[in-house]
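Structure record follows, encoded as structure tokens.
As a basis for the values below, the full set of heavy atoms in this structure was taken, side chains included, without hydrogen atoms, waters or symmetry mates. Just so we're clear, the structure is a prediction, and the values are computed from it rather than from any experiment. Counting begins at 1 with the first residue of the sequence.
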Amino acid sequence: MKKMPRFAIILSGCGRSDGSEIHETVTAMLAITELGCSYDCYAPNIEQAVVINGLTSEKTAERRNVLVESARLARGDIKDIRELNIKDYEGLILPGGLGAVTNWCDFAQSGIECHVEDSISRVLEEAYKQKLVIGAMCIAPVIVAKVLGKHGITVTIGNDKTVAKSIEATGAQQKDTKVEEACVDEKNRIVTTPAYMLAQNISEVNQGARSMIKAMISLAE
């Protein structure tokens, strides 16, 4: 029997305002499962950069932990990213959400001069070196470009010209892509999809997530 790819999903918290976008994460998980593959979840064991009230979008004085909050999305089945062994997987997935640009790095504040959290940069570097297929959704391709742009990779964040300029400043290329599509960089084994950079509803996110996972499986086989 053919071995199906196994994916590591990296989370940045729970919820679009200060963590991983829930629709994006769940539709990626669903596509992986429906297409006969499996996944494990990981997150950095660090404090969130900021905690946002999901109802009012206002900052709060709360302090939360990224791993603990990510466990909400993973139904408790999650590990510290320090336990991730890249060699156990064929694919790596980074959902979007503002946690990607606040908890994994400080792009939301510093732009492309941002610092990427050490565990995230390590995992991306190792995944690229080991030729895993790397997938990223929504704003998360910015982090992939920051770490791997030196290799001349191609990613998409939809068609946002401002963010595209930041991506291209890393040496990466940004390709305009429709919401239901995935941008496939076969040479560098990187697949990205716009998700809520363009999507108007969860159905559109689901189409893009499924396109991304299908392309990742094809590259991994």
Side-chain angles (χ1 to χ4, degrees), residues 3-16 18-22 24-33 35-51 63-107 114-148 151 188-192 209 212-213 216-217 219-221:
K3 179 184 176 183
M4 296 300 288
R6 187 177 176 194
F7 296 90
I9 301 177
I10 312 301
L11 301 178
S12 63
C14 183
R16 65 166 294 275
D18 56 14
S20 289
E21 211 294 319
I22 294 173
E24 293 171 9
T25 305
V26 171
T27 54
M29 291 173 170
L30 181 63
I32 289 168
T33 303
L35 292 169
C37 301
S38 61
Y39 65 84
D40 295 310
C41 293
Y42 296 86
N45 187 8
I46 57 175
E47 187 174 311
Q48 283 189 195
V50 64
V51 177
R63 298 174 67 177
R64 297 186 184 182
N65 177 279
V66 172
L67 178 59
V68 173
E69 290 302 298
S70 297
R72 298 176 184 271
L73 262 175
R75 293 175 59 84
D77 189 6
I78 192 168
K79 295 179 181 178
D80 189 321
I81 196 170
R82 290 176 294 184
E83 299 181 44
L84 171 57
N85 184 348
I86 287 296
K87 294 181 180 180
D88 290 338
Y89 300 93
E90 287 71 48
L92 182 74
I93 296 174
L94 287 74
L98 290 176
V101 289
T102 56
N103 297 327
W104 287 343
C105 71
D106 59 341
F107 177 83
C114 64
H115 169 74
V116 179
E117 205 277 327
D118 290 346
S119 65
I120 299 298
S121 59
R122 174 187 62 80
V123 165
L124 283 170
E125 293 276 16
E126 289 181 0
Y128 187 85
K129 182 178 180 180
Q130 295 294 327
K131 299 187 183 302
L132 268 68
V133 185
I134 298 171
M137 309 173 75
C138 194
I139 195 63
V142 167
I143 295 91
V144 179
K146 176 65 179 179
V147 177
L148 302 177
H151 300 294
N188 291 296
R189 302 173 67 79
I190 293 173
V191 185
T192 49
M212 181 186 75
I213 299 302
M216 293 183 73
I217 292 172
L219 286 176
E221 290 178 336

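Put simply, CH2 on W104 and CD1 on I139 are 11.5 Å apart, with the number rounded to the nearest 0.5 Å. One finds the CD1 atom of I134 at 6.0 Å from the CG atom of L92 (value rounded to the nearest 0.5 Å). How far SG of C41 is from CD1 of I9: 4.5 Å, rounded to the nearest 0.5 Å. Rounding to the nearest 0.5 Å gives a distance of 8.0 Å between CG of N85 and OH of Y42.
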#### Entry: Working for salt bridge (charged side-chain N to carboxylate O under 4.0 Å, His left out), residues E69 and R72
CA-CA 6 Å; E69 290 302 298; R72 298 176 184 271; 3.0 Å; yes
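Between L84 and K79 the shortest side-chain heavy-atom distance does not fall below 4.5 Å. Contact annotation: the side chain of C138 never approaches that of E21 to less than 4.5 Å [non-hydrogen atoms, C-beta and beyond]. C105 places none of its side-chain heavy atoms less than 4.5 Å from the side chain of I120. Taking the side chain as every heavy atom from C-beta outward, N45 and I81 never approach each other to under 4.5 Å.
Between G91 and M216, the closest heavy-atom pair is CA-CE, 4.4 Å. The shortest heavy-atom contact between A100 and S12 is N-OG, 3.4 Å. Across all non-hydrogen atoms, the minimal contact from S20 to L11 is OG-CA, 3.4 Å. Smallest separation of non-hydrogen atoms from E24 and P95: OE1-C, 4.1 Å. Of all the heavy atoms in V66 and G13, the pair that sits closest is CG1-N, 3.8 Å. Closest approach of C37 and P5 over heavy atoms only: CB-O, 3.2 Å.
Residues satisfying the side-chain contact (heavy atoms from CB on, under 4.5 Å) criterion with L35, sequence neighbours excluded, are R210, I213, K214, I217. The salt bridge (charged side-chain N to carboxylate O under 4.0 Å, His left out) search around D118 returns none, not counting sequence neighbours. Taking the salt bridge (charged side-chain N to carboxylate O under 4.0 Å, His left out) definition, one finds that D80 meets it with R82, sequence neighbours left out. R75 meets the side chain to side chain donor-acceptor pair (under 3.5 Å) test with no other residue; sequence neighbours excluded. For the side-chain contact (heavy atoms from CB on, under 4.5 Å) test, residues two or more places apart in sequence or in another chain that qualify with A136 are L94, A140, P141, V144, T192. The side-chain contact (heavy atoms from CB on, under 4.5 Å) search around V26 returns I22, L73, not counting sequence neighbours. For R16, the salt bridge (charged side-chain N to carboxylate O under 4.0 Å, His left out) criterion is met by no residue, not counting sequence neighbours. V50 is linked by a side-chain contact (heavy atoms from CB on, under 4.5 Å) to I52, K59, counting only residues two or more places apart in sequence or in another chain. The salt bridge (charged side-chain N to carboxylate O under 4.0 Å, His left out) test applied to E90 returns K3, not counting sequence neighbours. Every residue two or more places apart in sequence or in another chain that forms a side chain to side chain donor-acceptor pair (under 3.5 Å) with S119 is listed here: E117. The side chain to side chain donor-acceptor pair (under 3.5 Å) test applied to Y39 returns no partner, not counting sequence neighbours.
Side-chain atoms of S38 never come within 3.5 Å of backbone atoms of R6 as a donor-acceptor pair (strictly under, hydrogens ignored). The backbone N or O of E47 sits nowhere less than 3.5 Å from a side-chain atom of R63 that would complete a donor-acceptor pair. For N103 (side chain) and A49 (main-chain N/O), a donor-acceptor pair under 3.5 Å exists by modelled atom type.
Within the structure, side chain to side chain donor-acceptor pair (under 3.5 Å) pairs that include any residue of residues 127-143 comprise Y128-N188 (at least two apart or interchain).
Just one residue in the list V191, T25, I32 forms a side-chain contact (heavy atoms from CB on, under 4.5 Å) with I93, and that residue is I32. Of the residues T102, V142, I143, V116, the one that meets the side-chain contact (heavy atoms from CB on, under 4.5 Å) test with F107 is V142.
Around CG of D77, the count of heavy atoms belonging to other residues, nucleotides or ligands within 6.0 Å does not exceed 12.
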